[in-house]
Amino acid sequence: MSEAAKPENERRKFRAIKGTRDILPPDSALWNWFEKTARSVMESYNFGEIRTPIFEETELFARSIGGETDIVAKEMFSFEDRASGRLAELKDIIVLRTSKSSAGLRAFIAEAAEFIELATESSRRRDIPSVDEEKIDALRSNVAALEKASHQQLVDHEFVRMLSNAIRAVVYITALGTFTTLRPEATASVVRAYIEHGMHTRPGDQKLYYVGPMFRRERPQKGRYRQFCQIGAEVLGASDAPAIDAELIQMLTDLLERCQIEKYTLLINSIGCPDTPERKGCRPKYVELLRAKLREPEIFSKLGADSQRRVETNPLRVMDSKLPEEQGIIEKLPKISEHLCADCREHYEELKKELKLREVPFTESPRLVRGLDYYMRTTFEITSPILGAQNALCGGGRYDGLVEMLGGPKGIKGIGFALGEDRFIDAIVEAKKIHAARTVDVFIAWMGERAYPTAVRLAHVLRGEKHTVELPPEEMKFRKALERADKMGARYVLIIGEDEIASDMLTIKRLADGKQEKISEEALVDFFRPPVPTKEGPGS
RNA sequence: GUGAGCGUAGCUCAGCUGGUAGAGCAUCGGUCUGUGGCACCGAGGGUCGCGGGUUCAAAUCCCGUCGCUCACCCCA
């Protein structure tokens, strides 16, 4: 078959889906270094890793993050995790069937009837989420209309097409399984797992960290992807001591230091508490105060369209508007720090003391509010000036009510942060202090059939010593082998040719300065001990 | 969802007062069958994002569309 005759789909070029990307070597080495470093810092604070699924019931995120937030309302990757079996099979058949013949139409009617019957029954048995009665009734009457249709009507394509489409449409949107979502963040999953496994019965506060991909259907831009990697940590337990908050933040500044990122700002704020039986509810009171202020005509009229909308939907967010012309107005708005209840104010003051005790420099920002519903009291964010518009390296805060809200035990408090790994990597690259790269320790240049078995054997020996060894799969000319070793950035070349086999001595050449020496096979392992210095460490 | 900028080889780009493609780097081979980084020579690699229009003729002009990037929204 000639190239031109190939069907279109065979020549189609696939590419990574919008907002996703491939991390290739050598860049991936920096990611690995960073993850290793983050793990090491968090483990030094006695956090343990938790691994949760990357998809959960949609309801979990809707409840925790807040149904009104953009994340839940329009940015989640959700799908119906449908039941298998006859019902699901029918759904596919009905939705996809194109029936022109009368036999096809009769089959379609029979399938639709069976679908109605099975769906109603399964719904009653609670095998599937309850099916909407109205939908089923609509289906039933449409199917009945088709069944009762006169011969005249059945040859009327328009009539049949309309009814069939109506049936297909209803079947298509009928949920037969659980609505499932690719996680847009991990706190909800961690809290779910904490509750599910009764972790509150474990001794002390649970200090957990996670590393992994998150998914949000946003428009991609610098530092923002649809699949992005977050590293985060949560502390769950009975205590809400400000020292917990401070230590969590200190852990982050430790990590920044290890990554040699010097240009950053730590912003902190308290956003008060919600109105619950145990709490004073200083936030809702403040929100109303703020809203009232923003509604004043002389202020409202100066706000942009987005901020005007926020006055009703989420007045707090007016505070972090980026519009230059609104900055003057925002400066004069009442600050939440001046309207905290006594408990929240004390908690906030203690947090600041604890940070000072740890010598963590911070900036208070009355304008720092959080986007997710579950936050209360402490909020913080670390921004970097080198990242562009998406300048938040990490952010977090306290969420004392979340465990209970998701059905867990009463009185469990929580605080956590998440950092955007993609952005951290950008910041590390920008800071230019750390360069991680993979290197080849030993390149084995073998020449001739007689040398090959020795090369294979020694490659295995050296790999057993944890060295990175490149063994060419095919014989290469000597010059070529050296050139290849050089381009790979190999540190040493182990030369095994006719001369070496004849004399029973190996040749080792150091590429940096070209020095080489003869060595016996027995001495080879010792030559490379202690192990060649770290392959993926910070360089300078 | 909104707006702006940009799509030519694996990468960076030239060619754009219309005449059906070029450079550098990279890759592979050779000069060079036991000594790399250099040099020289050569090769492969592109339906100029895709579709339509104008024209004798379109990478070039016009329209549409898709993609990428950045910003807004929102958020890590």
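Proteins come first, then strands; the chains are lettered A, B, ... in the order of their sequence lines, and each starts at number 1. Because the structure is predicted, anything quoted here is derived from the model rather than measured.
- Within the shown strands, B:rU2 is the pairing partner of B:rA71 under the Watson-Crick or G-U definition, both distances less than 3.5 Å.
- Using a 4.0 Å heavy-atom distance criterion, A:Gly395 is classed as a sugar-phosphate-only contact.
- Side-chain proximity of A:Arg219 to B:rG34, B:rC75, B:rU2: nearest is B:rU2.
- Under 3.5 Å, the side chain of A:Arg479 and the base of B:rU33 form no donor-acceptor pair of N or O atoms.
- When both distances must be under 3.5 Å, the Watson-Crick or G-U wobble mate of B:rA26 does not exist.
- In this structure, the nucleotide among B:rG34, B:rC73, B:rG1 sitting nearest to the side chain of A:Gln221 is B:rC73.
- By the 6.0 Å and 45° rule, A:Arg21 stacks over the aromatic ring of A:Tyr225.
- Residue side chain A:Lys477 does not reach the base of B:rU33 through any donor-acceptor N/O pair under 3.5 Å, judged by distance alone.
- We find that CZ of A:Phe14 is positioned 21 Å from P of B:rG49, with the value rounded to whole Å.
- Between A:Tyr375 and A:Tyr399, the ring planes are perpendicular. Angles over 60° get that label, and only those under 30° would be called parallel.
- As judged by a 4.0 angstrom heavy-atom cut-off over every strand, A:Leu393 is placed among residues touching the sugar-phosphate backbone only.
- Taking atom NZ on A:Lys222 and atom C1' on B:rC75, their separation rounds to 17 Å, with Å as the unit.
- A:Gly232 comes within contact range of no nucleotide atom at all, as no heavy-atom separation falls under 4.0 Å.
- Remark: the A:Glu218 side chain and the B:rA76 base include a donor-acceptor N/O pair separated by less than 3.5 Å.
- You'll find the side chain of A:Gln206 reaches within 4.5 Å of the side chain of A:Tyr194, heavy atoms only.
- Of the side-chain N and O atoms in A:Lys480, none sit less than 4.0 angstrom from OP1 or OP2 of B:rC28.
- Within 4.0 Å (heavy atoms only), A:Gly396 reaches no atom of the nucleic acid at all.
- Under the Watson-Crick or G-U wobble criterion, with both distances below 3.5 Å, B:rU65 is paired with B:rG49.
- Within 4.0 Å of A:Gln390, counting heavy atoms only, lies at least one base atom of the nucleic acid.
- Of the listed nucleotides (B:rU35, B:rG3, B:rC75), B:rU35 has the atom at the smallest distance from the side chain of A:Leu482.
- Between A:Tyr452 and A:Trp446, the angle of the ring planes lies from 30° to 60°, which puts this pair in the tilted group.
- Remark: B:rA59 base-pairs with no nucleotide; criterion is Watson-Crick or G-U wobble with both hydrogen-bond distances under 3.5 Å.
- Counting any heavy atom pair closer than 4.0 Å across all strands shown, A:Leu419 reaches no nucleic acid atom.
- Considering only side-chain atoms of A:Arg309, the nucleotide from B:rC74, B:rG1, B:rG34 that sits closest is B:rC74.
- A sub-4.0 Å separation between OP1 or OP2 of B:rC68 and a side-chain N or O of A:Lys18 is present.
- Put simply, the residue from A:Arg358, A:Lys352, A:Arg398 that forms a salt bridge (Lys or Arg N to Asp or Glu O under 4.0 Å) with A:Asp245 is A:Arg398.
- Within the nucleic acid shown, A:Glu475 has no heavy atom closer than 4.0 Å to any nucleic acid atom.
- Among the atoms of the strands shown, none is found under 4.0 Å from any heavy atom of A:Phe417.
- Contact of A:Gln516 with B:rG34 (side chain to base): no donor-acceptor pair of N or O atoms is detected under 3.5 Å.
- For A:Arg317 and B:rC75, the shortest distance from a side-chain N or O to OP1 or OP2 is below 4.0 Å.
- Residue contacts shown for A:Arg15 are limited to sugar-phosphate atoms, with no base heavy atom under 4.0 Å away.
- Between B:rU35, B:rC72, B:rG37, one nucleotide has an atom nearer to the side chain of A:Lys509 than all others, and that is B:rU35.
- Straight-line distance from the CG atom of A:Asn314 to the C1' atom of B:rC73: 13 Å, rounded to whole Å.
- Judged by atom type and distance alone, A:Arg224 does not reach the base of B:rA76 through any side-chain donor-acceptor pair under 3.5 Å.
- In this structure, A:Phe478 atom CZ and B:rG34 atom P are separated by 8 Å, rounded to whole Å.
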